[in-house]
Amino acid sequence: AGPARRILLVGIDLGNSGAPRFYEAGRGAWSGIDAGRDRILSHFLLALRQARIRGVQLACSSPVSLLLDIGFPADPLPEEPQASCPVSSS
């Protein structure tokens with residue numbers, strides 16, 4: 001197998017840190033993401049640029065992610081698993 005040519009980022013919203021996480025009931029736990037948001041996004045932008053230089057496609061599956069605002073293309077997850085993406089049981 002060669003190097004990855006496509007990487008899909010899942011669950012990286014970065015814009016809803018005040019909302020409860022999917023596993024939390026009621027009020028969610030505090031998150032420091034807001035304080036570091038600009039720094040975090042700048043590093044994702046650097047990763048996107050470097051990936052493009054290397055011929056690797058990065059995409060984001062979250063329709064509400066802040067990554068979409070900095071140039072990550074949207075690529076929603078398929079409803080059904082695809083045969084071209086086998087899952088190893090080992």
Side-chain angles (χ1 to χ4, degrees):
R5 291 288 165 224
R6 182 173 177 269
I7 299 171
L8 181 60
L9 302 174
V10 178
I12 303 175
D13 296 339
L14 301 174
N16 61 352
S17 61
R21 293 158 186 89
F22 71 90
Y23 52 84
E24 295 175 323
R27 187 173 171 201
W30 177 84
S31 170
I33 291 223
D34 288 338
R37 182 177 290 132
D38 290 341
R39 187 172 38 124
I40 293 166
L41 288 174
S42 70
H43 285 87
F44 272 106
L45 184 57
L46 176 62
L48 180 62
R49 289 176 178 158
Q50 291 300 308
R52 286 179 176 162
I53 289 169
R54 290 168 173 74
V56 177
Q57 177 192 7
L58 297 183
C60 179
S61 69
S62 173
V64 297
S65 178
L66 293 180
L67 296 180
L68 302 173
D69 295 343
I70 62 168
F72 277 74
D75 189 354
L77 289 173
E79 293 294 322
E80 296 288 327
Q82 308 222 341
S84 62
C85 300
V87 177
S88 173
S89 61
S90 55

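What's counted below: heavy atoms across the whole structure, side chains too, no hydrogens, waters or symmetry copies. Position 1 is the first residue of the sequence; numbering continues from there.
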When rounded to the nearest 0.5 angstrom, what is the spacing between CG in Leu41 and CG in Leu67? 6.5 Å

Does a sphere of radius 6.0 Å around CZ in Arg39 hold more than 12 heavy atoms from other residues, nucleotides or ligands, not counting ones at 6.0 Å or beyond? no

Taking side chain as C-beta onward, heavy atoms only, is Leu58 less than 4.5 Å from Leu8? no

Distance, nearest 0.5 Å, that separates CG of Leu14 from CG of Asp34: 10.0 Å

Gap separating the CZ atom of Arg5 from the CZ atom of Arg54, nearest 0.5 angstrom: 11.0 Å

Measuring from atom CD1 of Ile12 to atom CG of Leu68, what distance do you get when rounded to the nearest 0.5 angstrom? 11.0 Å

Please say whether more than 12 non-hydrogen atoms of neighbouring residues, nucleotides or ligands are located less than 6.0 Å from CZ in Arg37. yes

Within the supplied structure, the quantity of interest is the number of heavy atoms (other residues, nucleotides, ligands) at a distance under 6.0 Å from Asp38 CG; does it exceed 12? no

In Å, rounded to the nearest 0.5 Å, how long is the span from CZ of Phe44 to OG of Ser65? 8.0 Å

Can you confirm whether Leu48 sits close enough to Ile70 that some side-chain heavy atom of one is under 4.5 Å from a side-chain heavy atom of the other? no

Is there a path from Val10 to Ile7 through hydrophobic residues (I, L, V, M, F, W, Y) whose side chains come within less than 4.5 Å of each other? no

Output yes when a side-chain donor or acceptor of Ser61 lies under 3.5 Å from a complementary backbone atom of Leu9, and no otherwise. yes

